[in-house]
Amino acid sequence: MINPWPYFVIGQVTTYDLAATLPPGVARGGTFGVDPNGERLPEGMTLSPAGILSLGSATVGQTTGVIFTYTEPGS
């Protein structure tokens with residue numbers, strides 16, 4: 001499933017909840033991460049284990065190849 005990603009506005013506190021992208025039937029409350037086999041998040045951007053992606057102090061640019069991971073609770 002491909003989800004449309006929002007554009008982040010530099011200079012504003014912007015967050016995106018990755019839990020909203022989980023398909024139906026996937027247990028909520030797990031742990032999110034960034035797969036080391038993909039690209040890293042841009043400097044200044046963070047992902048919490050709860051799945052909150054935060055723009056922080058990231059600069060203008062485009063990033064491709066970031067792979068997000070999700071481990072269901074109890075796994």
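Quick caveat, the model's predicted, so the values are computed rather than measured.
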For Thr64, check side-chain contact (heavy atoms from CB on, under 4.5 Å) against everything at least two apart and list the hits.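 Applying side-chain contact (heavy atoms from CB on, under 4.5 Å) to Thr64 gives Gln62.
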
Would a 4.5 Å heavy-atom cut-off, applied to side chains only, mark Thr21 and Tyr16 as touching? yes

Using the test side chain to side chain donor-acceptor pair (under 3.5 Å), find all partners of Asp35 that sit at least two apart in sequence or belong to another chain.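 Result, side chain to side chain donor-acceptor pair (under 3.5 Å) vs Asp35: Asn37.
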
Give the C-alpha distance, both sets of side-chain angles, the deciding distance and a yes or no for side chain to side chain contact (heavy atoms under 4.5 Å, CB included) between Phe32 and Leu22. CA-CA 11 Å; Phe32 287 85; Leu22 293 172; 4.0 Å; yes

Would you compute the distance between atom CG of Leu53 and atom OG1 of Thr46 and round it to the nearest 0.5 angstrom?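 Going from CG on Leu53 over to OG1 on Thr46, the span is 7.0 Å.
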
Ser54 OG to Leu41 CG distance, which is reported to the nearest 0.5 Å: 10.5 Å

Test Val34 against Ile67 for side chain to side chain contact (heavy atoms under 4.5 Å, CB included), laying out the working first. CA-CA 6 Å; Val34 176; Ile67 302 170; over 6 Å; no

Under the side chain to side chain contact (heavy atoms under 4.5 Å, CB included) criterion, do Ile52 and Leu47 qualify, and how do the steps go? CA-CA 6 Å; Ile52 304 300; Leu47 176 66; 5.9 Å; no

Would a distance-only check, ignoring hydrogens and angles, find a side-chain to backbone donor-acceptor pair under 3.5 Å from Tyr70 to Gly30?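 Yes; judged by distance alone, with no hydrogens or angles, the pair exists.
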
Go through it in stages, so that I can follow the logic: the residues are Val66 and Arg40, the test is side chain to side chain contact (heavy atoms under 4.5 Å, CB included), and I'd like the CA-CA distance, side-chain angles, deciding distance and then a yes or no. CA-CA 6 Å; Val66 176; Arg40 300 176 78 177; over 6 Å; no

